[in-house]
Amino acid sequence: MCLAVPVKVLDLSVDGTARVEKDGVTLTVMSSLTPDVAPGDYVLLHAGFIIQKLDRDDAEGRIRMIKDLYDGED
Amino acid sequence: MSHGSGGRQTHDLVQDLLLSRLGNKTLNRMEDSAVISPSPGSRIAMTTDSYVVQPLFFPGGDIGRLSVCGTVNDLATSGAVPQVLSLGLILEEGLEFDTLEEIVDSIARAAEEAGVLIATGDTKVINRGPGDGLYINTAGIGFIEDGIEISSYNGKPGDKVILTGPLGNHEIALMKARGLIPFETDIQSDVAPLNRYVKEVLERGGDISAIKDPTRGGLASALHEICGHSGCNVTIYEEQIPVDRNVKAVCELAGFDPLYLANEGKYIILCKPESSSLILDIFGSAGAVIGEVQERGDGKGELLMETRSGGLRRLGMLETTQLPRIC
Amino acid sequence: MERIKQIREALKGLGKQSATLMEVCGTHTMSIARNGIRSLLPEGVRLVSGPGCPVCVTSQGEIQTALDLAERENVLLCTFGDMMRVPGERGRLEDMDNVKIVYSPMEALTEAEKDRDRQVVFVGVGFETTSPLIAATVQEARRRKIRNFSVLPFHKTIPEALRLILSDPEVSIDGLILPGHVSVLTGRRYFDFITEYGTSGVVSGFEALDILEGIYLLLRGMEEGQREVLNNYTQVVKDEGNLQAMNTLYQVFESSDALWRGVGVIPESGLIFREQYRDFNALERFSTPVPDIPEPEGCLCGRILMGKSIPPECPWFGTECTPQRPIGPCMVSSEGTCAACYKYPEVVFKR
């Protein structure tokens with residue numbers, strides 16, 4: 001029911017906005033709902049708002065049981 | 001631009017503007033009809049289209065360039081070599097003279113690029129409309145050499161399906177110009193005449209079954225029509241379909257399907273397998289073989305796509321033009 | 001591609017080969033159709049679509065209210081593109097002059113800031129993914145003292161609709177594919193209640209692989225007799241969600257009963273403005289109550305939204321009711337179940 005797309009944060013302004021980028025396309029969005037984001041972070045964007053920071057330590061986002069399925073794959 | 005009392009004056013101004021930019025032996029005669037002679041043995045292809053695009057200028061093009069390229073590209077889908085165009089201009093009162101000048105210049109450049117002459121024309125000024133507008137109708141005539149049979153009815157099992165370049169740039173550029181998407185991008189319309197490439201392919205012995213330009217409705221709608229006409233199935237492979245990365249990004253952000261976005265400088269070409277490398281060679285490296293034509297017993301051809309995940313998806317015509325969405 | 005093969009093999013290797021699963025979210029419905037997921041599943045696994053399409057569940061009365069406001073003098077109605085083609089009793093937003101498509105509710109606020117003498121109304125639709133952003137926009141309007149901005153509060157919330165489905169004796173759902181992006185905001189725990197109904201769930205992303213993995217996890221859990229809500233989208237979905245966003249949502253709005261198109265009134269499944277933000281309520285500003293408009297007769301959308309019927313069972317599907325001339329809500333939205341079934345006819349909707 002909701003499109004949300006990962007984008008990269010380029011910079012943040014004091015007014016609660018951020019410039020983000022995806023594959024050469026940039027736009028200005030609101031960062032007020034995610035106070036902990038920083039330039040260089042990957043974030044999830046929905047309707048012009050950053051709604052979550054992507055967890056870089058969990059680049060896959062899959063639970064262990066599933067990761068185990070792919071064992072042996074490089 | 002004024003209508004009414006200043007009509008005569010306007011008419012003369014427009015005529016001067018047009019002749020000085022588009023003039024040629026045929027047009028300069030200013031007769032009621034233009035006369036052209038086909039080469040012996042050739043058949044005549046004819047087409048017409050009206051252009052009402054808003055705004056008049058967009059990244060990578062304008063209504064003038066579009067009105068030449070669109071008609072020239074339609075002609076060349078039959079393998080015809082476009083010769084002449086007619087140019088009907090409908091101007092709304094209030095249109096800036098400079099704007100008209102710029103658009104006619106663009107028409108002249110596009111016609112030269114395509115190697116066609118404007119053989120006849122007409123101008124009307126109508127009452128002020130919603131947007132100081134300009135509408136263009138062009139009709140075109142081309143000659144088809146003996147022995148060339150290219151038609152969307154001619155797709156045959158075993159033919160390869162070529163897309164001559166990446167999808168979607170034109171419609172995204174237009175949406176940007178219309179203020180429908182708030183993204184900053186340098187995506188430009190691909191509007192360009194393609195007739196010279198077709199001519200070269202045919203001169204070098206390329207064996208083409210069908211050509212279709214994926215304009216409004218995009219790749220999927222155009223291929224769907226080929227399936228209907230040829231009675232064959234067409235299967236395309238999602239992974240092989242070229243889309244520029246910035247166009248793909250806009251599609252993801254705004255929820256568009258690139259398969260249904262309009263293009264103005266791309267062809268879908270069905271050809272014998274041995275001709276595919278020649279065609280890709282001539283049209284340039286951005287093109288790709290994206291699928292093939294298959295036998296279909298009952299003649300009810302369908303368009304299928306093997307998705308990246310290996311699933312099979314049946315593609316229909318575009319139902320309604322796409323709008324940016326959040327769902 | 002390699003992983004898709006592996007997960008399909010894993011699915012085949014399970015003892016559990018049949019189940020009825022519901023994808024709650026319309027974006028999942030579309031992804032399942034677009035990627036041909038049904039063709040990749042064991043025979044006995046049936047997928048039914050749930051109520052998670054905000055356009056679909058927006059009532060006829062609410063749509064008419066938006067259309068009526070767009071007809072007023074000196075009003076600019078801003079909406080997500082999704083709502084543009086939904087037919088009201090008379091016309092669609094797409095056919096009206098004073099309507100602007102926005103990508104973000106903040107664009108509507110910018111419009112209001114540009115011309116303070118004109119009323120800008122934003123059509124507030126969407127679930128928990130979208131409503132916090134609209135709440136944040138309302139707070140921003142207050143901070144910037146933009147008084148010519150208001151919102152039509154037509155939001156819906158998911159849990160009570162799911163409770164209704166899960167407690168319906170006519171519906172038997174073994175597992176839920178939970179909406180990934182709603183969960184980003186609400187957190188995974190928000191959906192723990194479904195286990196009370198003996199149902200498992202998995203929070204899933206939207207790629208083909210994500211959905212196949214989610215189905216695998218549900219079937220495997222059932223095989224092991226577990227009832228739990230798993231999270232296979234951990235990169236963005238946390239147990240607690242985005243607390244800042246949820247706080248913002250409930251600072252501006254509070255729960256209320258809401259009318260779901262085709263379904264009826266579901267208690268505590270909507271959002272109304274809190275007292276201190278009433279001045280942003282477009283319904284009050286323009287003194288325009290939402291009219292009560294009956295559903296089109298014969299339309300099965302209500303049953304389809306609840307997972308009780310499938311599109312081909314509707315007498316109007318594909319004949320009277322098509323994406324160009326939709327009758328019911330599930331055909332109206334590009335992510336509606338009927339639209340998906342119409343656009344991707346290879347999708348076999350099994351009973």
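Throughout, protein chains are lettered first and strands after them, A, B, ... in sequence-line order, and every chain is numbered starting at 1.
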**Report entry** Positions in residues 10-25 of chain A that reach chain C, provided some heavy atom is under 4.5 Å away
**Finding:** none

Query raised in the report: So, are C/Arg189 and C/Glu228 salt-bridged, with charged N and O less than 4.0 Å apart?
Result: no

Report task. Would you please go through residues 30-43 of chain A and name the residues with a non-hydrogen atom below 4.5 Å from one of chain C, in numerical order? Result -> A/Met30, A/Ser32, A/Leu33, A/Thr34, A/Pro35

Query raised in the report: Is C/Leu109 close to C/Ile146 at the side-chain level, that is, under 4.5 Å between some pair of heavy atoms?
Result: yes

Query raised in the report: Has C/Lys145 got more than 12 heavy atoms of other residues, nucleotides or ligands less than 6.0 Å from its NZ?
Result: no

Report task. Measure C/Leu133 against the heavy atoms of chain A and call it side chain, backbone, both or neither at under 4.5 Å. Result -> both

Query raised in the report: Run the side-chain contact (heavy atoms from CB on, under 4.5 Å) check on C/Val138 and C/Glu140 step by step: do they pass?
Result: CA-CA 5 Å; C/Val138 167; C/Glu140 191 65 19; over 6 Å; no

Report summary line: Interface check, chain C: of A/Leu27, A/Val29, A/Leu54, most non-hydrogen pairs under 4.5 Å belong to A/Leu54

Query raised in the report: Would C/Thr186 and C/Glu128 count as having a side-chain donor-acceptor pair, cut-off 3.5 Å?
Result: no

Query raised in the report: Do the side-chain N and O atoms of C/Thr27 and C/His181 include a donor-acceptor pair separated by under 3.5 angstrom?
Result: no

Query raised in the report: Between C/Phe80 and C/Phe122, is the ring centre distance below 6.0 Å?
Result: yes

Query raised in the report: Is the ring centre of C/Phe253 less than 6.0 Å from the ring centre of C/His155?
Result: yes

**Report entry** Region of A/Leu44 that comes under 4.5 Å of a non-hydrogen atom in chain C
**Finding:** side chain

**Report entry** side-chain contact (heavy atoms from CB on, under 4.5 Å) partners for C/Gln139, two or more places apart
**Finding:** C/Thr248, C/Gln251, C/Val252, C/Tyr277

Donor-acceptor pairs under 3.5 Å, side chain of residues 210-219 of chain C to any protein atom, not counting sequence neighbours: which ones?
residue  : atom : partner  : partner atom : Å
C/Asp210 : OD1  : A/Arg62  : NH1          : 3.0
C/Asp210 : OD1  : A/Arg62  : NH2          : 3.4
C/Asp210 : OD2  : C/Phe206 : N            : 3.3
C/Asp210 : OD2  : C/Glu207 : N            : 3.0
C/Glu213 : OE1  : A/Arg62  : NH1          : 2.5
C/Glu213 : OE1  : C/Asn232 : ND2          : 2.8
C/Glu213 : OE2  : A/Arg62  : NH1          : 3.1
C/Glu213 : OE2  : A/Tyr70  : OH           : 2.3
C/Tyr216 : OH   : C/Arg220 : NH1          : 3.1

Requested in this report: For residues C/Ile165 and C/Pro51, determine if any side-chain heavy atom of one lies less than 4.5 Å from a side-chain heavy atom of the other.
Outcome: yes

